Protein chains: 2
Amino acid sequence: MEILSGKWKFHILGTLMEGGKIRFMDLLREVDGIAAKMLSKELQDMEMNHLISRTVLNTKPITVEYEVTEYGRTLEPIIDEIAKWGEAYRNAMFKKQHDQTSEI
Amino acid sequence: MEILSGKWKFHILGTLMEGGKIRFMDLLREVDGIAAKMLSKELQDMEMNHLISRTVLNTKPITVEYEVTEYGRTLEPIIDEIAKWGEAYRNAMFKKQHDQTSEI
DNA sequence: ATCATTAGTTTCCAATAGGAAAGTAGTTTC
DNA sequence: GAAACTACTTTCCTATTGGAAACTAATGAT
């Protein structure tokens, strides 16, 4: 699943799946810790893969709404399965202080 | 799922799940395109996360067998769900020539 | 002695990922 | 006219990822 690669796509997609249509700035606030550049890049990425749709609204300051597409919804079983796993095995935390992505 | 991050973990885990116990050199041959360094690193990573086990056998030239642990097996629903998705939506390839993560 | 096979490790390097901060541009409010 | 809000983009920089190739070390075969 290279289409879900990167640090943020799962979180963004999860947020959009439970929240429906969400504007850029609201995503920036809801996805904790993400920078504008990353959010923009990840959204473009997922839009290119047709997982989400982008709609520009002609409001006072323009706003842009993002939404999971029908195609993106087909990923829900996977996202759900992962969420389920997370809940079930979160307690079995086998990570240690010198975590695997770094050196000894 | 940072524990399944990287280019190879899914492939290695999938191979081990269907193949049972597999030796290093056999994995190197079965996981197409992987370099020894990467295989070694990813196996260590997954061993640290208790997804697989490593067993040294005292054969003529020593051999090392890798196997999915009981804990690693708990990821099977996720792997299966992803495989299912891949089969169902492989045809809907929305990736274009100037693709963001790979080449053509 | 040299080669092959086992399971790695080491080195060197290029490409990608990711973050902080500032900038752009249009509109509206004070 | 300055500040604020929208949605980004740009720049600069560091860290991580990943690959190719060579190397180590033990053992066995030719």
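Only heavy atoms go into these numbers, but all of them, side chains included; no hydrogens, no water, no symmetry mates. Model, not experiment: these values are computed from the prediction. Chain letters run A, B, ... following the sequence lines, proteins first, then strands; residues in each count from 1.
- Residue Ile34(A) is the one, among Ile34(A) and Pro61(A), whose nearest nucleotide of DNA chain C lies closer to the 5' end (criterion: closest heavy atom).
- Contact annotation: Arg29(A) does not reach the phosphate of dA7(D) (side-chain N/O to OP1 or OP2, under 4.0 Å).
- Of the charged side-chain nitrogens involved, at least one lies within less than 4.0 Å of a carboxylate oxygen, so that Glu76(A) and Arg73(A) count as a salt-bridged pair.
- As rounded to whole Å, 17 Å separates atom C1' of dT6(C) from atom CD1 of Ile22(B).
- Taking the side chain of Ala35(A) as heavy atoms from C-beta on, and the options dA20(C), dC5(D), dG8(C), the nearest nucleotide is dA20(C).
- Rounded to whole Å, the distance from CG on Asn58(B) to P on dA25(D) is 22 Å.
- At whole-Å resolution of the value, CG in Asp45(B) and C1' in dT17(D) are 12 Å apart.
- Look at CE on Met38(B): it is 18 Å from P on dA7(C), rounded to the nearest Å.
- Atom pair Met25(B):CE and dT9(C):P shows a separation of 14 Å (rounding to whole Å applied).
- In this structure, NZ of Lys60(A) is placed 12 Å from C1' of dT6(D), rounded to the nearest angstrom.
- Listed nucleotides: dA7(C), dG8(C), dT6(D). Nearest to the side chain of Thr63(A): dT6(D).
- Between Gln44(B) and the phosphate of dT9(C), there is a side-chain N or O to OP1/OP2 separation shorter than 4.0 Å.
- If Asp26(B) and Ile62(A) are placed on DNA chain C by their nearest nucleotide, the residue sitting closer to the 5' end is Asp26(B).
- Below the 3.5 angstrom threshold, one finds a donor paired with an acceptor across the side chain of Lys37(A) and the base of dG19(C).
- Comparing dT6(C), dT6(D), dC8(D) by their closest approach to the side chain of Tyr66(A) singles out dC8(D).
- From Lys9(A), atom NZ reaches atom CD1 of Ile52(A) across 10.0 Å, with rounding to the nearest 0.5 Å.
- The partner of dT11(C) is dA20(D), by the rule that a Watson-Crick or G-U pair needs both atom distances under 3.5 Å.
- Ser40(A) places no side-chain N or O within 3.5 Å of a backbone atom of Ala36(A) that could act as its donor or acceptor partner.
- Following rounding to the nearest Å, Glu47(B) (CD) and dA7(C) (C1') show an atom-to-atom distance of 13 Å.
- For Ser40(A), counting side-chain heavy atoms from C-beta on, the closest listed nucleotide (dC8(D), dT6(D), dT9(C)) is dC8(D).
- Distance, Leu57(A) CG to dC8(D) P: 11 Å, rounded to whole Å.
- Atom OH of residue Tyr89(A) and atom NZ of residue Lys84(A) lie 10.0 Å apart, to the nearest 0.5 angstrom.
- Residues Leu43(A) and Val56(A) share a hydrophobic cluster, clusters being chains of Ile/Leu/Val/Met/Phe/Trp/Tyr side chains in contact below 4.5 Å.
- Summary of the strand contacts: Glu65(A) and Trp8(B) both lie near DNA chain D, and taking for each the nucleotide with the nearest heavy atom, the more 5' one is attributed to Glu65(A).
- No donor-acceptor contact under 3.5 Å links the side chain of Lys7(B) to the base of dG18(D).
- Closest to the side chain of Lys41(B), out of dG18(D), dT6(D), dA7(C), is dG18(D).
- To the nearest 0.5 Å, atom CE of residue Met17(A) and atom CG of residue Leu51(A) are 8.0 Å apart.
- In this structure, of dG8(C), dC5(D), dG19(C), it is dG8(C) that holds the atom nearest to the side chain of Phe24(B).
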